[in-house]
Amino acid sequence: MVKSIENYNPNLGNVEIVPEVISIIASIATSEVKGVHGMFSDIKNTTLERLGRKNLSKGIKVETENNELVINVYCSLKYGYKISDTAKKIQESIFNAIKTMTALTPKQINVHISHVEMGSSKDE
């Protein structure tokens with residue numbers, strides 16, 4: 001578990017966030033980036049109840065050590081998008097979503113491109 005320490009008030013207690021919550025936030029943030037293909041692109045058009053927790057966490061690995069977050073994202077991209085730009089957008093999207101929603105700052109966000117979908121184009 002990761003403790004949220006921003007605005008920490010010892011009189012009120014602790015706020016702890018399980019890694020599964022971080023992976024869901026990262027999954028949704030990844031799905032919002034243009035050029036991402038596969039499981040993440042399916043998240044945009046589906047309700048959270050239909051996907052289930054295991055599917056939302058698919059492709060995201062969250063590691064916590066000494067209250068620091070390291071996030072690994074495994075995804076495929078659509079053909080026609082610049083890999084370096086899209087990977088940077090994924091990192092920024094995840095960073096901003098986690099920072100805004102949890103007040104945590106990830107130490108690293110590693111993007112692993114596992115596949116390029118050749119049948120897709122930028123216009124789709």
Side-chain angles (χ1 to χ4, degrees):
M1 288 214 207
V2 179
K3 293 182 180 180
S4 179
I5 53 176
E6 189 173 295
N7 301 323
Y8 172 72
N9 185 340
N11 297 329
L12 295 177
N14 293 325
V15 174
E16 295 182 348
I17 302 169
V18 296
E20 184 178 70
V21 171
I22 304 295
S23 69
I24 291 170
I25 293 169
S27 293
I28 293 169
T30 302
S31 74
E32 295 173 348
V33 176
K34 286 188 177 197
V36 174
H37 180 267
M39 200 295 285
F40 296 110
S41 63
D42 299 337
I43 291 175
K44 286 191 284 192
N45 303 320
T46 310
T47 62
L48 295 179
E49 293 82 23
R50 287 184 52 207
L51 280 173
R53 285 185 283 170
K54 286 188 179 183
N55 285 337
L56 277 173
S57 301
K58 187 178 179 183
I60 304 283
K61 183 177 179 187
V62 177
E63 299 171 12
T64 58
E65 190 173 307
N66 299 328
N67 229 22
E68 293 183 322
L69 284 175
V70 176
I71 301 168
N72 288 289
V73 182
Y74 299 87
C75 59
S76 63
L77 300 181
K78 294 177 185 175
Y79 179 78
Y81 286 84
K82 190 171 180 181
I83 293 174
S84 59
D85 289 347
T86 306
K88 184 175 181 179
K89 288 176 186 174
I90 291 169
Q91 289 175 319
E92 291 170 350
S93 180
I94 292 172
F95 182 87
N96 292 334
I98 290 174
K99 183 79 172 158
T100 301
M101 296 178 77
T102 67
L104 297 170
T105 303
K107 179 182 177 185
Q108 289 182 359
I109 301 171
N110 303 310
V111 178
H112 306 273
I113 308 301
S114 59
H115 181 71
V116 174
E117 183 61 36
M118 299 301 285
S120 299
S121 67
K122 284 180 109 172
D123 299 330
E124 293 178 11

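The figures that follow rest on heavy atoms only: side chains count, while hydrogens, waters and symmetry mates do not.
Looking only at side-chain heavy atoms (C-beta outward), Lys99 and Leu104 stay at 4.5 Å or farther from each other. Counting only heavy atoms from C-beta outward, the side chains of Ile90 and Cys75 approach each other to under 4.5 Å. Using a 4.5 Å heavy-atom threshold, the side chains of Ile71 and Lys61 count as separate. Looking at Lys89 and Val33, their side chains come closer than 4.5 Å, going by heavy atoms from C-beta outward. Counting heavy atoms from C-beta on, the side chains of Val70 and Asn110 come closer than 4.5 Å.
Rounded to the nearest 0.5 angstrom, Glu117 CD and Lys78 NZ are separated by 10.0 Å. The structure places CD of Glu32 at 11.0 Å from CG of Asn96, a figure rounded to the nearest 0.5 Å. A distance of 11.5 Å separates OG in Ser27 from CD1 in Ile22, rounded to the nearest 0.5 Å. Gln108 contributes atom CD, which lies 10.0 Å from atom CD of Gln91 (distance to the nearest 0.5 angstrom). Residue Tyr74 holds its OH atom at 11.5 Å from CD1 of Ile113, rounded to the nearest 0.5 Å.
Phe95 and Ile109 get closest at one heavy-atom pair: N-CD1, 3.6 Å. Between Ser93 and Ala29, the shortest heavy-atom distance links the atoms OG-O, 2.8 Å. Residue Ile25 comes nearest to Thr102 through the heavy atom pair CD1-CG2, 3.8 Å, listed as atom of the first residue, atom of the second, then distance. Between Asn72 and Glu63, the closest heavy-atom pair is ND2-OE2, 3.8 Å.
By the criterion of side-chain heavy atoms lying less than 4.5 angstrom apart, applied directly or through intervening Ile, Leu, Val, Met, Phe, Trp or Tyr residues, Met101 is grouped together with Ile94 in one hydrophobic cluster.
No donor-acceptor distance shorter than 3.5 angstrom exists from the side chain of Thr86 to the backbone of Tyr81, with no hydrogens or angles considered.
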